[in-house]
Amino acid sequence: MSQTASQPTTEPAEEGVPPHRYTPALAQRIELEWQDRWEREGTFHTPNPVGRLSAGFDRVADRPKTFLMDMFPYPSGAGLHVGHPLGYLGTDVTSRFRRMDGDNVLHPMGYDAFGLPAEQYAVQTGQHPRVTTEANIAAIRAQLRRLGVDHDERRTFATIDPGYYRWTQWIFLKIFGAWFDEEAGKARPVEELVAELDAGTREPAPGTDPSGRPWAELSDVDKRRVVDAHRLAYLHEAPVNWCPGLGTVLSNEEVTPDGRSERGNFPVFRRPLTQWMMRITAYAERLLADLDRLDWSDSVKQMQRNWIGRSTGARIRFAAGDRTIEVFTTRPDTLFGATYVVLAPEHPLVAELTADAWPDGTDPRWTAGAATPREAVEAYQRQASRRSELDRQNESREKTGVWLGTTAANPVTGGELPVFIADYVLTGYGTGAIMAVPGEDTRDWEFAHAFGLPVVRTVQPPAGFDGGAYTGSGPMINSSSEQVSLDGLTDKAAAIAAMTDWLVASGHGEATTTYKLRDWLFSRQRYWGEPFPVVYDADGLPRAVPESLLPVLLPDVDDYSPKTFADDDATSTPEPPLSRVTEWTTVELDLGDGPRPYRRETNTMPNWAGSCWYYLRYLDPGDDTQMVDPELERYWLGPRTPGDVGGVDLYVGGMEHAVLHLLYARFWHKVLHDLGYVSSEEPFRRLVNQGYISAYAYTDERGFYVPAAEVVEEGGRFSFEGRPVNREYGKIGKSLKNMVTPDEMIGAYGADTFRVYEMSTGPLEQSRPWDTKAVVGSQRLLQRIWRVVVDEGTGAVRVADEAPGEDGLRALHKAIAGVRDGMATLRFNVGIARIAELTNALTAAYGADTPVPRSVAEPLVLLVAPLAPHLAEELWARLGHEESVAWAPFPVADERWLVEDTVQVAVQVNGKVRAQVTVPADADAAALEAAARDEEKVAAQLAGKTVRRVVAVPGRLVNFVVS
RNA sequence: GCGGGAGUGGUGUAACGGCAGCCACGCCAGACUUAGGAUCUGGUGCCCUCGGGCGUGCGGGUUCGAGUCCCGCCUCCCGCACCA
């Protein structure tokens, strides 16, 4: 680690170095030349089958298509470090391989440019976010170009381009204009809902009309309210995650488990506000079920499953006076053991259920010291709402709550159960109310213990059980009434089924399924985001801006900074920056009933909106007539076989998006599918999460970081300027003083060496440490490959049209097979090892003065072309080819040369290798055994022993089992 | 606590159930050199009495044969976590 990144680069050939050696200076010259030529000739322009970008499709019409892409970067001001390109290079190598191997390859790149960090960076620097963002995009684009990636530049765009976000807004309108038909299990346009309501063939969905009057009797405005309540994008007043420090609300996914903002780490509070929501919960079942049809890693699928959080159980209704409390439980079998009921503090029935006075003799633990239930409840509710999630965690989960002063009837026992509110019951999950079964639930047991509530066991714990809640299985006890008995049942599923049957028969409940997934909070109080294509009319109801008026342009303003508050000011109210732009917020429109004044929506969309559908726009980002041409969508993303989900063939990106981006994008895609805009059911058929590159960082005795590049190691100890330092392992960053950039590496070695090094350090999915010192190994490999083709002294091509020897052919075809395997499995390190083997074999077989057979040298160049494309282009041209190597066919291994004439096989005695024998490759078991017995050492080992068994595997080994 | 993944030389890694460590970095030796932080060649898992022995986190099992398959632990990484 003592080596610094920068090394002499552009000096003239040093003394003693052959003039035509593949030095960093030569590599850089070659790379710049080829990058210019690729751009000039449009080498990586991918033809579409139809439309604007279809020129040249004839050439690829008979090829299969491959669409592969990276998660597009967020152009922050920090620039790229050596960790960032790993995934981009992985797709680039794959893209180049697939093209050479005969596919029509689409490999585009774009920029995700709206969002908080860009806005914050702009606020810091005092420049408009568009200016800083576009500068950052230009910088990253230049870095990527210098790496030699084969993106089709014509398809590049940023999510902030009005020509792009116009269609983001268009999709929003489609979602706003749709509702989820539960019977059909899919989204449909709201016009169809209205038609069915008008025709009387459909009733409004439960909960969409609080008045409960028949549809035909509703006023126009009330009808619109009912329809709005059905929409997939809807306004909703509910407790949301309000982050005063950022001045915006956040989605559940953007809040960390300890109740802070993922961006900025500010406290987040639950606060009721009216916000735009996306009804992703309607798709919970399909989002869950279709995971099984995707070629994604188990870990990402499992994370999505956990996030969706499907639970099956039962709804059970408890009578409480003239009200009904509905609870959700996964254990209806334990209903006989329910000894109290708990509502979430925010539950809508709390106020109505709260009694006027405590009965005489109320346990003081139940009242929290308040004079009346109402006082106790209101105090508890206030306390719960003011507490951030973080505070809740800090209290080590001690159970708190208060009694409402009322009871509810256990439907199966008739017993009167006290009703509490407690913050261990969460609003928004299930019904926001539970039946508490302390005998079989740990949390309920803790609460019962703290409040002196009775415990009734309904599952017999095993002998020796040490008390507390018993959550295991066992025979049912104490579970018998005149109407139903579960006693003696030992199978949990059977007990659940029996109780559920009784609940249904008696009308007290039914089986149901709930999800942890909540609807997606879709509005932000930010400037730097897509404006909503929505205006409000005189009734205060939202109206869609007509498609013909899209895009709704983000107005240019002087003051785009968000209104933020003290971190802990939980009662502050969001103020979107756009609400200050008064000349923009009011607008006169004709929405079919004459020109009228409207008020614009001043929230903006969250960062995730632009990334939800960008893969579709790559197909033709310049199309200003439609989001995507359906024919292009079918060609690039459509199902390959009936039942196939379709989607991008390879999507590479970081694990950090396992839930957020990937779940939102799947949701939007399914809506677009339901509405008929895309034929594919999923956006990303195959997902690969590339590993991270980490690095060592070093701190001195004061705890300050010291430049990692200048730390020296001796005997396992590390020092900087002669003083010992501590080593830690983790992220790469400027502040950690261990930053190494691709530009530095390209300056020291050239892009090809950097590419080969990054690809050689392990399978794409694996995380790995950065080691600047090891990069030189890749440089040496490329130098040796260069030397196979070019005479370092004269610069002449040193290949000859002569037949290679059999050894050479075997080495070549073994390498071809290995490289193909590595490419297919994204284990480029294996492919590079095989290329190195072949190169070493050729170097050994052909001295500096011996020409290398063209029929071996050329395939070697083709093998390395996806990895080191500039070097390969240069050698390919010097070998006399005029067309780019990018379109040359990738070598195919010939089976004949993958088998040897003779093979060395190991001879084992009792599983231990004792000798090697050389036999013809096609020697059968008998011949193998005979050869083995003839071998001197084997004969000695077998002498005087009984051979009980011989296992002879042709081509592999012989094993004598002796005693 | 629950879920997912991983443990192989000094380091990154490789190995259809069949010779553990391919290919590299580093290190050692040599060549060419005024010089080497360049380049090239060779060596390099550990132990050894030079016969060999031991080795893929630990302990069992299946098998003629296990880094690989099965069971039970340990450690590390990632995610979730009062979700009824």
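Letters A, B, ... are given to chains in the order of the sequence lines, protein chains preceding strands, and every chain is numbered from 1.
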What I want to find out is whether [X] reaches [Y] closely enough, with some N-O distance under 4.0 Å, to be called a salt bridge.
X: A/Asp292; Y: A/Arg305; result: yes
X: A/Glu935; Y: A/Arg914; result: no
X: A/Asp333; Y: A/Arg331; result: yes
X: A/Arg317; Y: A/Glu510; result: yes

Side-chain N or O of [X] closer than 4.0 Å to phosphate OP1/OP2 of [N]:
X: A/Arg784; N: B/A24; answer: yes
X: A/Tyr429; N: B/A84; answer: yes
X: A/Asn829; N: B/A14; answer: yes
X: A/Arg949; N: B/C64; answer: yes
X: A/Arg914; N: B/G51; answer: no

Between the base of [N] and the side chain of [X], is one N or O donor paired with an acceptor at under 3.5 angstrom?
X: A/Glu837; N: B/C22; answer: no
X: A/Asn959; N: B/C64; answer: yes
X: A/Arg834; N: B/C22; answer: yes

Whole-Å distance separating the [atom1] atom of [X] from the [atom2] atom of [N]:
X: A/Leu957; N: B/C64; atom1: CG; atom2: C1'; answer: 10 Å
X: A/Arg780; N: B/G36; atom1: CZ; atom2: C1'; answer: 13 Å
X: A/Asp771; N: B/G10; atom1: CG; atom2: C1'; answer: 12 Å
X: A/Gln304; N: B/G3; atom1: CD; atom2: C1'; answer: 15 Å
X: A/Phe318; N: B/A84; atom1: CZ; atom2: C1'; answer: 12 Å
X: A/Tyr846; N: B/U41; atom1: OH; atom2: C1'; answer: 20 Å
X: A/Arg956; N: B/G65; atom1: CZ; atom2: P; answer: 19 Å
X: A/Lys814; N: B/C22; atom1: NZ; atom2: C1'; answer: 7 Å

Using a 4.0 Å heavy-atom cut-off, does [X] contact any base of the nucleic acid, only the sugar-phosphate backbone, or nothing at all?
X: A/Val953; result: base
X: A/Gln766; result: sugar-phosphate
X: A/Gln916; result: base
X: A/Thr330; result: sugar-phosphate
X: A/Ala774; result: sugar-phosphate
X: A/Arg787; result: sugar-phosphate
X: A/Arg827; result: sugar-phosphate
X: A/Ser297; result: nothing
X: A/Asn840; result: sugar-phosphate

[X] side chain, from C-beta outward: closest of [options]:
X: A/Asn306; options: B/C23, B/C19, B/G3; result: B/G3
X: A/Ser311; options: B/G18, B/A84, B/C22; result: B/A84
X: A/Arg21; options: B/C82, B/G4, B/U39; result: B/U39
X: A/Thr761; options: B/G18, B/A14, B/G12; result: B/G12
X: A/Pro763; options: B/A14, B/A20, B/G12; result: B/A14
X: A/Ala833; options: B/G26, B/C23, B/U13; result: B/C23
X: A/Ala906; options: B/A38, B/G18, B/C19; result: B/C19
X: A/Ala836; options: B/C23, B/A14, B/G12; result: B/C23

When you measure from the side chain of A/Arg827 to the backbone N and O of A/Asp821, does any donor-acceptor pair fall under 3.5 Å?
no
With syn defined as a glycosidic angle within 90° of 0 and anti as everything else, classify B/G17.
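Base orientation relative to the sugar is anti.
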Please classify B/G21 as syn or anti, treating any glycosidic angle within 90° of 0 as syn.
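In terms of base orientation relative to the sugar, B/G21 is anti.
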Separation between the P atoms of B/G67 and B/G59, rounded to whole Å
13 Å
Determine the interatomic distance between C1' on B/G45 and the same-named atom on B/G36; round to the nearest Å.
30 Å
Read 5' to 3' with Watson-Crick or G-U pairs under 3.5 Å, [ ] for crossing pairs and | for partners on another strand, RNA chain B gives (((((((..(((.....[....)))((((((.......))))))(((....)))..(((((..]....))))))))))))....
Check each of A/Lys814, A/Arg784, A/Arg810 against A/Glu837 using the salt bridge (Lys or Arg N to Asp or Glu O under 4.0 Å) test, and report the only one that passes.
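Only one option passes, and that is A/Lys814.
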A/Tyr22 side, atom OH; A/Leu782 side, atom CG - distance, nearest 0.5 Å:
5.0 Å
A/Phe420 ring center within less than 6.0 Å of A/Phe451 ring center:
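Yes, close enough.
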Using the ring of each side chain (for Trp, its six-membered ring), is A/Phe447 parallel, tilted or perpendicular to A/Tyr424, with breaks at 30° and 60°?
tilted
Can you label the angle between the A/His449 ring and the A/Trp445 ring as parallel, tilted or perpendicular, going by 30° and 60°?
parallel
